[in-house]
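Data block below; observations after.
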There are 2 protein chains.
Amino acid sequence: MASHGGRGRSGGRPTLEEVAARAGVGRGTVSRVINGSPRVSDATRAAVEAAVAELGYVPNTAARALAANRTDAIALVVPEPETRFFAEPYFSDMLRGVGAELSDTEMQLLLIFAGSDRERQRLAQYLAAHRVDGVLLVSVHADDPLPDLLGQLEIPAVISGPRSAAESLTSVDSDNYGGARSAVEHLLAGGRRRVAHITGRLDVYGAQRRVDGYRDALRDAGRTADELLVEPGDFTEEGGRRAMTALLARHPDLDAVFAGSDVMAAGARQVLREAGRRIPDDVALVGYDDSAIARHMDPPLTSVRQPIEEMGRAMIDLLLTEIADRRPAVSRGLDRRRAVLPTELVVRASS
Amino acid sequence: MASHGGRGRSGGRPTLEEVAARAGVGRGTVSRVINGSPRVSDATRAAVEAAVAELGYVPNTAARALAANRTDAIALVVPEPETRFFAEPYFSDMLRGVGAELSDTEMQLLLIFAGSDRERQRLAQYLAAHRVDGVLLVSVHADDPLPDLLGQLEIPAVISGPRSAAESLTSVDSDNYGGARSAVEHLLAGGRRRVAHITGRLDVYGAQRRVDGYRDALRDAGRTADELLVEPGDFTEEGGRRAMTALLARHPDLDAVFAGSDVMAAGARQVLREAGRRIPDDVALVGYDDSAIARHMDPPLTSVRQPIEEMGRAMIDLLLTEIADRRPAVSRGLDRRRAVLPTELVVRASS
DNA sequence: AGGTAGCGTGGGAGCGCTCCCACAAGTGAT
DNA sequence: ATCACTTGTGGGAGCGCTCCCACGCTACCT
């Protein structure tokens with residue numbers, strides 16, 4: 001028995017077998033207790049639990065994974081080249097939600113970076129090897145092949161920010177449409193007459209929805225949306241500057257700007273200031289994300305807060321459900337899951 | 001042979017055994033090739049590698065972990081209640097460095113949150129179960145029992161931001177002393193005469209070192225450091241406000257402030273502005289961290305940049321070395337490793 | 001010639017678990 | 001009383017790997 005390894009028998013961690021011996025039952029029974037099977041009598045269960053406690057037994061994950069062909073781990077795949085993604089508190093907040101929700105479970109969170117081609121290669125191998133039970137996908141581009149790969153491999157996956165209205169994976173999103181609406185309605189309620197919008201990258205579905213919200217809010221307020229008040233940005237500060245410059249040139253009389261992100265709002269603010277416009281006196285400004293930038297901007301920026309931490313929680317919830325079902329949503333047919341969480345307008349001095 | 005599981009034999013992933021059959025060698029030999037043992041002839045190695053490629057063989061991590069009693073995983077332990085820590089880009093940047101350095105290896109990064117007591121409990125169990133080969137510790141308090149636990153369990157660990165000059169774990173740090181010096185020297189070079197310092201929490205070693213750097217810079221410039229120009233803060237915005245208020249009351253004639261963090265600098269700025277002091281005309285202001293806040297402050301804040309991403313890389317480097325040595329530094333006696341990376345002063349309009 | 005290394009190799013044993021079959025004992029219908 | 005079932009239980013077999021012992025072989029010393 002002691003021919004292998006060299007870990008002395010007293011120093012090593014207790015095994016199932018040892019717990020079984022201690023409790024005076026068989027190995028199978030201990031396994032059933034550990035895994036919460038109902039097919040165990042109360043008396044036996046109590047005896048086993050006592051033995052587990054006395055010995056300080058902790059299951060060996062590797063052995064379990066090998067025997068059961070599951071991993072008890074899920075991967076959070078991070079498309080790292082998106083520096084923007086990292087710099088924003090988005091990631092941290094989501095991570096906090098994910099961590100909180102996961103702490104109730106036995107699941108491990110594995111962080112996988114899929115930035116470079118080499119990393120993506122490795123990820124593909126990873127997934128093919130089924131080294132995780134499920135995958136969390138954040139900020140995926142519309143043309144990313146990853147979601148399809150996951151579908152093929154039948155690996156449960158949840159995506160934050162669906163790629164389109166027809167997203168095939170289970171998804172969690174915040175209410176971009178409603179968030180944009182509330183921002184614009186707030187500006188109109190404040191008496192603003194000519195509200196411009198700097199959009200995010202329009203290949204991002206959420207950015208499209210914000211445009212929709214902006215349009216509908218204006219339309220419902222009885223205005224014919226003047227298309228020329230919409231200027232595309234790209235979520236960067238520089239993009240915000242460019243868009244603001246263009247808007248100002250076309251519409252010197254605008255009195256409000258709704259930017260699709262705080263970062264773009266920061267860029268817009270610079271241009272407005274250089275153009276001599278006072279905020280909020282001449283032009284009201286509203287951002288999106290409610291990031292640290294919004295709080296520290298001068299003047300502090302009104303912004304739409306997304307419940308990012310809650311989104312993280314929701315993602316885990318949905319993923320665990322799918323894993324429990326042992327089948328990805330895509331193969332379950334119509335029963336796709338989708339969660340949309342409400343946003344909140346945080347009003348500050350800029351509007 | 002097919003009594004277990006149910007994964008049909010053709011659908012399953014190839015095993016060592018199958019590779020061995022294909023290459024016409026024994027199981028042991030394939031294992032040696034996979035693990036890069038030198039005790040294999042070139043011809044055999046080539047044959048095995050061909051078989052591996054043809055079959056698309058990927059080792060089963062669980063089986064390996066079980067047999068070899070190692071995990072090929074390292075944990076990044078995050079003391080989550082430190083919201084400050086999350087909100088700052090510190091975490092993201094470090095993560096990027098860690099990820100980059102790790103992508104060259106087979107190691108997995110595991111994220112473990114150790115915020116609540118329950119999470120800490122779980123973490124302790126985790127470590128006791130040796131479910132990771134090594135641990136990365138970030139922003140640990142001086143009185144945290146975790147480092148000692150790691151030492152006892154003989155788990156290789158690297159800490160970012162040593163807890164004291166006598167840190168027992170391998171550590172990576174930025175040059176807080178030098179960073180503070182450069183900030184103060186910059187202020188003096190700009191003609192400032194009365195330079196105040198708002199410190200971080202002094203139970204944080206790095207904050208102490210910044211105070212040391214501040215003092216020495218003044219002393220070396222021939223001034224007797226006036227202790228009353230030092231006011232303790234706590235890394236928060238509110239703390240910055242309080243400290244600035246106190247400093248202004250005691251020293252209405254101060255003409256420069258070096259804050260131990262950008263967030264505190266933001267607080268200080270508010271107070272200075274309310275007191276009618278212009279920045280940088282009346283009072284120059286320098287922060288620490290070079291965070292997004294610094295860039296977006298009005299005026300943009302001069303700040304000390306820490307090479308956080310590089311610190312992440314260095315931590316992985318050191319940790320992998322320790323794991324390779326298979327013994328934590330603490331038991332190797334005097335041979336402790338410690339890396340200190342240089343900072344950089346980013347000069348902006350506030351000074 | 002015999003001895004003694006050392007290399008490269010094959011394969012047994014074992015890591016700690018889960019799965020499942022077999023079986024004993026109890027329960028109720030026939 | 002017989003024949004089902006059901007419930008709880010024990011333990012064999014196997015997951016895919018690593019470790020290590022044993023073996024055949026070559027090379028070089030006595």
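These numbers come from a predicted model, not from an experiment. To find a chain, count down the sequence lines: A is the first, B the second, and so on, and within it residues start at 1.
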Take the C1' atoms of the five end pairs on each side of the helix from C:dA1-D:dT30 to C:dT30-D:dA1, derive the two axes, and give their angle rounded to 10 degrees.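 Answer for the end axes of this duplex: 40°.
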Pair B:Arg120 + B:Asp117, salt bridge at N-O below 4.0 Å: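 Result for this pair is no, no salt bridge flagged.
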State plainly whether the residues B:Arg118 and A:Asp104 are in salt-bridge range, i.e. N to O under 4.0 Å.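 Yes, charged N to carboxylate O under 4.0 Å.
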Check whether any side-chain heavy atom of [X] sits under 4.5 Å from a side-chain heavy atom of [Y], and report yes or no.
X: A:Leu66; Y: B:Asn60; value: yes
X: B:Leu137; Y: B:Leu76; value: no
X: A:Thr29; Y: A:Thr44; value: yes
X: A:Val158; Y: A:Val172; value: yes

Rounded to whole angstrom units, what separation is found between the [atom1] atom of [X] and the [atom2] atom of [N]?
X: B:Leu16; N: D:dC15; atom1: CG; atom2: C1'; value: 13 Å
X: A:Glu17; N: D:dG12; atom1: CD; atom2: C1'; value: 12 Å
X: B:Arg131; N: C:dC17; atom1: CZ; atom2: C1'; value: 13 Å
X: B:Asn69; N: C:dC17; atom1: CG; atom2: P; value: 12 Å
X: B:Asn60; N: D:dG16; atom1: CG; atom2: C1'; value: 6 Å
X: B:Arg70; N: C:dC15; atom1: CZ; atom2: P; value: 18 Å
X: A:Leu66; N: D:dC15; atom1: CG; atom2: C1'; value: 4 Å

Using modelled atom types only, decide if a donor and an acceptor are shared between the side chain of A:Asn35 and the backbone of A:Ser37 within a distance under 3.5 Å.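 No, the answer is negative, given that no donor and acceptor are paired below the 3.5 Å cut-off.
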Between A:Asp72 (side chain only) and A:Met107 (backbone N and O only), is there a donor and an acceptor less than 3.5 Å apart?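 Answer holds: no.
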Is A:Arg27 near enough to D:dG10 that one of its side-chain N or O atoms lies under 4.0 angstrom from OP1 or OP2?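 Result: no.
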Side chain to side chain contact (heavy atoms under 4.5 Å, CB included) with A:Val132: which of A:Leu127, A:Ile74, A:Ile323?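 Going through A:Leu127, A:Ile74, A:Ile323 one by one, the side chain to side chain contact (heavy atoms under 4.5 Å, CB included) with A:Val132 is satisfied by A:Leu127 alone.
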Residues touching DNA chain D, which here means a heavy atom under 4.0 Å, drawn from residues 50-59 of chain A: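 Hits under 4.0 Å, by residue number: none.
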Between residues 29-42 of chain B and DNA chain D, which residues have a heavy-atom gap below 4.0 Å?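 Going residue by residue through residues 29-42 of chain B, the ones with a heavy atom under 4.0 Å of DNA chain D turn out to be B:Ser31, B:Arg32, B:Asn35.
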Position toward the 5' end of DNA chain D (nearest nucleotide), B:Ala62 or A:Arg45: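 It is A:Arg45, whose closest nucleotide lies nearer the 5' terminus.
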CD (B:Glu54) with more than 12 external heavy atoms under 6.0 Å: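 Yes.
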5′-ward residue of the pair B:Ala63/B:Gly28 relative to DNA chain C: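 Upstream on the strand: B:Gly28.
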Mind checking the CD-CZ spacing from A:Glu106 to B:Arg122? Nearest 0.5 Å is all I need.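 The distance works out to 6.0 Å.
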